[in-house]
Protein chains: 2
Amino acid sequence: MISNCIFAFMIQPFDDTYFMKKALQEAEAAYKSGEIPVGAVIVIDNKIIARGHNLTETLNDVTAHAEMQAITAAANFLGGKYLQKCTLYVTLEPCQMCGGALYWSQISNIVYGARDMERGCINLNTKLHPKTTIKGGVLAEEASALMKQFFIERRNLN
Amino acid sequence: MISNCIFAFMIQPFDDTYFMKKALQEAEAAYKSGEIPVGAVIVIDNKIIARGHNLTETLNDVTAHAEMQAITAAANFLGGKYLQKCTLYVTLEPCQMCGGALYWSQISNIVYGARDMERGCINLNTKLHPKTTIKGGVLAEEASALMKQFFIERRNLN
């Protein structure tokens, strides 16, 4: 009984918040490079196997979203293109391009931070793989605050 | 009057069929590499500025569709990420990932060969950029025949 109580109060270090913080660190790296601050990590068995942040400006490439790079890096790590048993943590709801890539990857779980009402895959009805779960709202305020700060700063620079 | 008649019968070498043949050559290159045979070229002012073919197996990467590579290559050629005034020729209707990438690229025109009723961007209602036109059916039979041949061959190998 005592051991059960102790177990109940043990800290679980590897939860959604933990990994979303890692994705937020990627978003901050994007911010510092003058990129719209979106970051992502891909996790399997509580281990981060891929990281990515938005590089569309740096690479002059609309396909260089955080998720796309993380998908490519995770597949490279795994030696196979399907991301079954993997979870993507991304600070902003994926767009239809990234949602489409996630569909092909057959990834198990998508966890996003802030919603993207206009260009996100949910409102645009992008088809995800039937094996994929999606949930949002993890550290959403932090992700949104970083985006807002970026756009305010950019407006002031222009 | 005579010169008008001559003009009317002049051959226009750079039409949709011409460029789709170039995309089909890319699809054939994919076929030879054991890839689902889809090919693409991007054209501006009647000049091919980018080519790509499906490399998902070779690169172990679901994002390595013909269109994605052509988008990246075209942006690299132009030195900017927007593909205004460009036309994509692709042998198969783009999927929602590629449709999403084309949305971000603001490409002017998409010309595809064969329809993809199940996974194509039209039936999946992928949002294209308001500046983008899309049309299909150019050398569709040739594109479909190549796909069918590939899948028959692959079935016989297994």
Open item on the list: Under 4.5 Å from any heavy atom of chain A, what part of B:D61 do you find: side chain, backbone, both or neither?
Closed with: both

Task: Contact origin within A:I71 toward chain B - heavy atom pairs under 4.5 Å - done: side chain

Open item on the list: Assigning hydrophobic clusters by single linkage (Ile, Leu, Val, Met, Phe, Trp, Tyr; side-chain heavy-atom cutoff under 4.5 Å), is A:I110 placed with A:W104?
Closed with: yes

Task: Max heavy-atom pair count under 4.5 Å with chain A, selected residue of B:A101, B:A75, B:A64 - done: B:A101

Task: Nearest-0.5 Å distance, OG1 of residue A:T63 to CD of residue B:Q69 - done: 10.0 Å

Task: Most contacts with chain A, counted as non-hydrogen pairs under 4.5 angstrom, among B:G99, B:G79, B:A74 - done: B:G79

Task: hydrophobic_cluster_shared for A:L24 and A:I48, side chain cutoff 4.5 Å - done: yes

Open item on the list: If hydrophobic clusters are built by linking Ile, Leu, Val, Met, Phe, Trp and Tyr wherever their side-chain heavy atoms come under 4.5 Å apart, do A:L88 and A:I122 end up in the same one?
Closed with: yes

Open item on the list: For the CE atom of B:M97 and the OG atom of A:S105, what is their distance to the nearest 0.5 Å?
Closed with: 10.0 Å

Open item on the list: Please report the interatomic distance CG(B:L124) to OH(A:Y103), rounded to the nearest 0.5 Å.
Closed with: 7.5 Å

Open item on the list: Taking CG in B:N156 as the centre, count heavy atoms belonging to other residues, nucleotides or ligands within less than 6.0 Å. Is the count above 12?
Closed with: yes

TODO: Quick one: which of A:T126, A:N125, A:L59, A:L102 has the most heavy-atom pairs under 4.5 Å with chain B, could you say?
DONE: A:T126

Open item on the list: How long is the straight-line distance from OG1 of A:T58 back to NZ of B:K81, given to the nearest 0.5 Å?
Closed with: 10.5 Å

Open item on the list: Between A:Q96 and B:Q96, is the side chain to side chain contact (heavy atoms under 4.5 Å, CB included) condition met? List the steps.
Closed with: CA-CA 7 Å; A:Q96 52 183 3; B:Q96 51 183 4; 5.7 Å; no

- [ ] Look at B:Q106, B:R119, B:M68, B:E57 and state which one has the largest set of heavy-atom pairs under 4.5 Å with chain A.
- [x] B:R119

